[in-house]
Amino acid sequence: MLQFTGNNLIYIDNKYIGVYNKITDIVEKRGKIMKKIELLAPAGSLEKAKTAFRYGADAVYCGTSSLSLRTRADMGNDDLIKTIEYAHSIGKRVHVTLNIFAWDEKYEEIIEMAKILNKVKPDAIIAADGGVIEILKEYAPDIPIHVSTQANTVSLHDANFWYKIGAKRVIMAREMNKEQLKYIMKNKPQDLEVEIFGHGSICFAFSGRCFLSDFACGRSANLGDCAQSCRWSYNMYLEEKNNPGELLPVEESEHGTSILSSKDLCLLKEIPEIIEMGIESLKIEGRLKTDYYIASVINVYRNAIDDYMNDPENYDYKKYMKEIEKVKTREFTTFFFNDRENKDIQDFSGRQYNNEYEFGGKVLKYEDEKSTIEIKNKLNVGDTIEIIIPNKLEPETFKIEKLWDYETGEQIDSISPGVKEQKVFMKLPIECEYGWILRRKK
């Protein structure tokens, strides 16, 4: 029998199974009790946050440009406040990142930001630095603290440490496997939440604690300015010790080798295990990615999670993989989730593009004959286009029959992006809403 207590603890047949709050729903399916996991999306701008929510994210994480680990994200203080206000108006959540490892000269700015956040009330602040967390406890006492994956939390003891100093949630290191996570879930404090990464880029260093970019070009990953040096191609050489000075090149291709570059994480197949172990939040990486990437990935994971919650016995990960393949820029790996000995994690090709699909455009206004589209790549009459529909896995596919110049209204055969936010008129096969994303088959 499912029981809820006055203090939000949930029991079944008198056995504790979890804590009910605004983040988690409890679902009983054919005798199986499952918590509804939070789908947490990246938001590098206000518009990207809206895209993430439109395509099914329960929450987004974002940060100001100078105090999070993505200084190139387009999110100033005003947009951050607008994002929080917008999210709360539609019943969604915002987690703000202050996860740099801060020098002393940064703390005056951190204190001011903590005061602002305590007023605008995001749903959580993500931090990694112990000094920053102490500041947050003093100047933003009303906001829950989530310990960033940058803190490299890999054990129950470490999770308990953060809990004792006031953390509401720990974001586990991506280096952990599922058995380690299950152990923590079974033994952690009842009201300590656990978040893991489910999809996106993986840093070559432990939990992103990397100095390669700083060493190579003076841009510190730990201060939010990573140049992604691990993705570069390198020239490598062997030197036989008895013949010093004779260097033999080691190459994967004519471009050298990308030995430091990892594949991208993808845990779609593992959704059932992640949900059943009780993880509170599944995080998607990518604050610098496009609206197209966010819409595509969030839509797939939204459908996968909901389908499993509704019908766990018939979950088929292959159909979700078919869709996620369309937006990948690197090969996929499950990293260490299933096997600590997994060696299939490196992307030696260094290839970072998708040769089958690309961002076609965004719907700005739907009309029966001539809808307004913001174009993102070249479009031609005859191109195959897919409309990514929120909460529907399979896209609507059609061929462009007609295009009209946005300024003159004249019929045209093709159009290429020439100016920012360039538009075109196009006939769409179904009624669409503002912000729906168009994918072009190359």
*Asks:* Quick one: closest heavy-atom pair of Ile298 and Ala52, and the distance?
*Replies:* CG2-O, 3.9 Å
*Asks:* Could you go through Thr97 and Cys62, starting from their C-alpha distance and side-chain angles, then the distance that decides it, and tell me whether this counts as side chain to side chain contact (heavy atoms under 4.5 Å, CB included)?
*Replies:* CA-CA 6 Å; Thr97 57; Cys62 54; 5.9 Å; no
*Asks:* Could you tell me whether Asp123 and Lys92 make a salt bridge, using a distance below 4.0 angstrom between a side-chain N and a carboxylate O?
*Replies:* no
*Asks:* If you round to the nearest 0.5 Å, how far is CD1 of Ile279 from CD of Glu38?
*Replies:* 12.0 Å
*Asks:* Given Arg330 and Ser262, is the side chain to side chain donor-acceptor pair (under 3.5 Å) satisfied, shown in steps?
*Replies:* CA-CA 9 Å; Arg330 300 185 184 93; Ser262 66; over 6 Å; no
*Asks:* Can you tell me how far NZ of Lys168 sits from OH of Tyr163, rounded to the nearest 0.5 angstrom?
*Replies:* 8.5 Å
*Asks:* Any non-hydrogen side-chain atom of Arg174 less than 4.5 Å from a side-chain atom of Glu285?
*Replies:* yes
*Asks:* Ile274 versus Leu181: any side-chain heavy-atom pair under 4.5 Å?
*Replies:* no
*Asks:* Identify the heavy atoms of Ile126 and Ile171 that sit nearest to each other, and give their distance.
*Replies:* CG2-CD1, 3.9 Å
*Asks:* Do Ile125 and His95 come within less than 4.5 Å of each other through their side chains, counting heavy atoms only?
*Replies:* no
*Asks:* In Å, rounded to the nearest 0.5 Å, how long is the span from CG of Leu156 to CG of Leu192?
*Replies:* 9.0 Å
*Asks:* Would you indicate whether the side-chain heavy atoms of Lys182 and Met185 approach each other to under 4.5 Å?
*Replies:* no
*Asks:* Looking only at heavy atoms, which two atoms of Lys427 and Phe398 are closest? And how far apart?
*Replies:* O-CE1, 3.9 Å
*Asks:* In chain order, what residues pass the side chain to side chain contact (heavy atoms under 4.5 Å, CB included) check against Lys48, with sequence neighbours excluded?
*Replies:* Ser45, Asp291, Ile294
*Asks:* State, to 0.1 Å, how close Cys266 and Glu270 come at their nearest heavy-atom pair, and which atoms those are.
*Replies:* O-OE1, 4.1 Å
*Asks:* Once you round to the nearest 0.5 Å, how far does CG of Asn355 lie from OG1 of Thr329?
*Replies:* 12.0 Å
*Asks:* With a 3.5 Å distance limit and no angle check, can you tell me whether Ser155 reaches the backbone of Asp158 through a side-chain donor-acceptor pair?
*Replies:* yes
*Asks:* Any side-chain hydrogen bond (donor to acceptor under 3.5 Å, both in side chains) pairs touching residues 428-438, not counting sequence neighbours?
*Replies:* Glu47-Tyr434
*Asks:* Counting C-beta onward and ignoring hydrogens, is there a side-chain heavy-atom pair between Val297 and Val327 closer than 4.5 Å?
*Replies:* yes
*Asks:* Return the minimal non-hydrogen interatomic distance between Asn299 and Lys392, and the atom names on each side.
*Replies:* ND2-O, 3.0 Å
*Asks:* How would you list all residue pairs meeting salt bridge (Lys or Arg N to Asp or Glu O under 4.0 Å) that involve residues 379-390, not counting sequence neighbours?
*Replies:* Lys326-Glu386, Asp383-Arg440, Glu386-Arg439
*Asks:* Are any of the side-chain heavy atoms of Asp413 and Asn380 separated by less than 4.5 Å?
*Replies:* no
*Asks:* Got Ile202 and Asp264 here, is their nearest side-chain heavy-atom distance under 4.5 Å?
*Replies:* no
*Asks:* Charged N to carboxylate O below 4.0 Å: is that the case for Glu273 and Lys178?
*Replies:* yes
*Asks:* Taking only residues two or more places apart in sequence or in another chain, which ones pass ring-ring contact (aromatic ring centres under 6.0 Å, His included) with Phe53?
*Replies:* none
*Asks:* Minimum heavy-atom separation for Leu39 and Tyr301, please, with both atom names.
*Replies:* CD1-CB, 4.0 Å
*Asks:* Any side-chain to backbone donor/acceptor pair from Thr333 onto Asp344? Under 3.5 Å, distance only.
*Replies:* yes
*Asks:* Ser414: which residues meet the side-chain hydrogen bond (donor to acceptor under 3.5 Å, both in side chains) condition with it, sequence neighbours left out?
*Replies:* none
*Asks:* Using the rule side-chain contact (heavy atoms from CB on, under 4.5 Å), only one of Asn310, Ile275, Val300 pairs with Ile305; which is it?
*Replies:* Ile275
*Asks:* Please set out all donor-acceptor pairs under 3.5 angstrom arising from side-chain atoms of residues 372-379, sequence neighbours excluded.
*Replies:*
from: Glu374; atom 1: OE2; to: Lys376; atom 2: NZ; distance (Å): 2.9
from: Asn377; atom 1: ND2; to: Phe359; atom 2: O; distance (Å): 2.7

*Asks:* What do the steps show when you test Lys283 against Ile196 for side chain to side chain contact (heavy atoms under 4.5 Å, CB included), and what is the final call?
*Replies:* CA-CA 6 Å; Lys283 189 173 202 168; Ile196 66 170; over 6 Å; no
*Asks:* What distance do Arg340 atom CZ and Met176 atom CE have between them, rounded to the nearest 0.5 Å?
*Replies:* 8.5 Å
*Asks:* Under 4.0 Å between a Lys/Arg side-chain N and an Asp/Glu carboxylate O for Lys442 and Glu356?
*Replies:* no
*Asks:* Start with the C-alpha gap between Met113 and Asn77, add the side-chain angles, then the distance that decides, and say whether side chain to side chain contact (heavy atoms under 4.5 Å, CB included) holds.
*Replies:* CA-CA 9 Å; Met113 178 53 63; Asn77 287 0; 3.2 Å; yes
*Asks:* Are Glu325 and Lys322 ion-paired here, with the side-chain N under 4.0 Å from a carboxylate O?
*Replies:* no
*Asks:* For Lys121, check side-chain hydrogen bond (donor to acceptor under 3.5 Å, both in side chains) against everything at least two apart and list the hits.
*Replies:* none
*Asks:* Rounded at 0.5 Å granularity, tell me how far CG in Leu282 sits from CD1 in Ile271.
*Replies:* 5.0 Å
*Asks:* What pairs with Asp307 under side-chain hydrogen bond (donor to acceptor under 3.5 Å, both in side chains), at least two apart in sequence or on another chain?
*Replies:* Tyr320
*Asks:* Where do Asp339 and Asn177 land on the side chain to side chain contact (heavy atoms under 4.5 Å, CB included) test, with the steps shown first?
*Replies:* CA-CA 6 Å; Asp339 181 8; Asn177 68 19; over 6 Å; no
*Asks:* Is the shortest side-chain heavy-atom distance between Val170 and His146 below 4.5 Å?
*Replies:* no
*Asks:* Report yes or no: do Lys188 and Asn160 form a side-chain donor-acceptor pair below 3.5 Å?
*Replies:* no
*Asks:* Taking the six-membered ring for Trp, are the ring centroids of Phe332 and His199 within less than 6.0 Å of each other?
*Replies:* yes
*Asks:* Could you tell me whether Lys35 and Glu193 make a salt bridge, using a distance below 4.0 angstrom between a side-chain N and a carboxylate O?
*Replies:* no
*Asks:* Using the test side chain to side chain contact (heavy atoms under 4.5 Å, CB included), find all partners of Asp78 that sit at least two apart in sequence or belong to another chain.
*Replies:* none
*Asks:* Is it true that the NZ or CZ of Lys82 lies under 6.0 Å from the centre of Tyr86's six-membered ring and within 45 degrees of the ring axis?
*Replies:* no
*Asks:* For Phe425, check ring-ring contact (aromatic ring centres under 6.0 Å, His included) against everything at least two apart and list the hits.
*Replies:* Tyr406
*Asks:* Taking only residues two or more places apart in sequence or in another chain, which ones pass side-chain hydrogen bond (donor to acceptor under 3.5 Å, both in side chains) with Glu179?
*Replies:* none
*Asks:* Output all residues satisfying side chain to side chain contact (heavy atoms under 4.5 Å, CB included) with Ala295, sequence neighbours left out; order by chain, then residue number.
*Replies:* Thr51, Tyr55, Ile437
